[in-house]
Amino acid sequence: MEAISKAGSAVAILASDGVLLAAEKRITSKLLDIRGLAEKMYKIDDHVAVAVAGITADANILVNYARLAAQRYRYAYQEPIPIEQLLHRICDLKQGYTQFGGLRPFGVSFLVVGWDEYFGYQLYRSEPSGNYGGWKAAAIGNNSPNADSVLKSDYKIGGTDMKLAKTLAVKVLAKTLDTASPSPDKLEFSSITLVNGKPEYKVYTKEDIEGVLKEAGVEKKETSGDI
């Protein structure tokens with residue numbers, strides 16, 4: 001839990017036309033080769049993705065397990081795995097590591113987002129204990145109580161589209177970062193939306209994030225590139 005509370009913030013917001021993930025990026029050095037690097041977000045399958053907070057090595061184990069479970073289900077049944085069924089398998093593994101001496105729990109929390117034909121767009125938050133629950137908007141990581149406070153006051157149930165979700169995500173991350181003008185170099189965004197009736201996972205480029213900040217009324221702020 002200590003690792004999770006000190007990790008960079010991540011927020012997920014359920015919208016009427018998609019589901020959004022946004023997170024704080026802590027590694028901002030100019031020397032870093034960022035090709036294909038996602039510090040806090042991972043694609044599990046075409047219709048499901050996760051944001052993590054905690055010990056990255058533990059997250060990698062669970063992400064690989066989830067990817068394998070999703071592909072096994074697709075191979076066996078010729079259809080994508082339902083979101084909650086996938087989450088249930090992940091949480092069963094998490095809970096098993098809390099039962100026996102000589103094992104430690106996975107030190108990571110997940111925000112799991114996706115779409116399936118049974119329940120549409122979905123968002124779940126999973127804890128190291130194996131507990132999980134469905135949410136309209138949720139946050140994990142550093143300053144998550146402050147983020148939850150902003151989400152409770154500003155999220156509009158039934159009236160939030162992706163445009164409003166992006167603006168709200170920027171406001172939440174600005175609160176957790178304790179700055180009025182967060183830099184695009186320190187943010188990650190991704191989303192799952194339907195394109196031609198099929199779910200599509202999109203990772204936002206730096207230019208996309210600059211556009212999101214502009215729409216949210218946040219001025220572009222240059223950084224020195226230091227960690």
| message | Assess, by modelled atom type and distance only, whether the side chains of Glu84 and Tyr132 contain a donor and an acceptor separated by less than 3.5 Å. | response | yes

Counting only N and O atoms by type, is there a donor-acceptor contact under 3.5 Å from the side chain of His47 to the main-chain atoms of Ile83?
-> no

Across all chains, not counting sequence neighbours, the side chain to side chain donor-acceptor pair (under 3.5 Å) partners of Lys175 are none

Residue pairs meeting salt bridge (charged side-chain N to carboxylate O under 4.0 Å, His left out), one or both in residues 53-74, sequence neighbours left out, come to Asp45-Arg74, Asp58-Arg104

Residues passing the ring-ring contact (aromatic ring centres under 6.0 Å, His included) test with Tyr155, sequence neighbours excluded, are none

| query | Are side-chain N/O atoms of Lys202 and Thr193 paired as donor and acceptor at under 3.5 Å? | reply | no

Hits for side-chain contact (heavy atoms from CB on, under 4.5 Å) against Tyr77, two or more places apart or cross-chain, chain-then-number order -> Tyr73, Glu79

Besides Phe119, the hydrophobic cluster formed by Ile, Leu, Val, Met, Phe, Trp and Tyr side chains linked at under 4.5 Å, directly or via other members, contains Tyr118

When rounded to the nearest 0.5 Å, the distance separating CG of Leu62 from OH of Tyr97 is 8.5 Å

Requested in this report: Go through Leu168 and Val150 one step at a time and tell me if the side-chain contact (heavy atoms from CB on, under 4.5 Å) criterion holds.
Outcome: CA-CA 8 Å; Leu168 179 55; Val150 175; 4.2 Å; yes

Heavy-atom check, side chain of Val212 versus side chain of Phe189, under 4.5 Å: yes

Which atom pairs, donor and acceptor, lie under 3.5 Å between side-chain atoms of residues 140-149 and protein residues at least two apart or in another chain?
| from | atom 1 | to | atom 2 | distance (Å) |
| --- | --- | --- | --- | --- |
| Asn143 | ND2 | Thr176 | O | 2.9 |
| Ser144 | OG | Gly141 | O | 3.3 |

Hits for side-chain contact (heavy atoms from CB on, under 4.5 Å) against Asp46, two or more places apart or cross-chain, chain-then-number order -> Lys43

| query | Can any side-chain N or O of Gln71 pair as donor or acceptor with the backbone N or O of Ala69 at less than 3.5 Å? | reply | no

To the nearest 0.5 Å, atom CD1 of Ile209 lies from atom CG of Leu213 at 7.5 Å

dist Glu127:CD -> Phe106:CZ (nearest 0.5 Å) comes out at 15.0 Å

*asked:* I want to check something: taking the side chain as every heavy atom from C-beta on, are Ile61 and Tyr65 in contact at a cut-off of under 4.5 Å?
replied: no

Taken to the nearest 0.5 Å, the spacing of Leu68 CG from Arg89 CZ works out to 10.0 Å

Residue set satisfying side-chain contact (heavy atoms from CB on, under 4.5 Å) with Ala138, at least two apart, ordered chain then number -> Leu111, Arg125, Trp135

Hits for side chain to side chain donor-acceptor pair (under 3.5 Å) against Ser129, two or more places apart or cross-chain, chain-then-number order -> Asn131

Value for NZ (Lys186) from NZ (Lys25), rounded to nearest 0.5 Å, stands at 12.0 Å

Taken to the nearest 0.5 Å, the spacing of Tyr121 OH from Leu14 CG works out to 9.5 Å

Asp161 meets the salt bridge (charged side-chain N to carboxylate O under 4.0 Å, His left out) criterion, sequence neighbours left out, with none

Residue pairs meeting side chain to side chain donor-acceptor pair (under 3.5 Å), one or both in residues 13-24, sequence neighbours left out, come to Glu24-Arg26

Any side-chain to backbone donor/acceptor pair from Lys40 onto Gly8? Under 3.5 Å, distance only.
yes

Sequence neighbours excluded, the answer for side-chain contact (heavy atoms from CB on, under 4.5 Å) partners of Glu200 is Val195

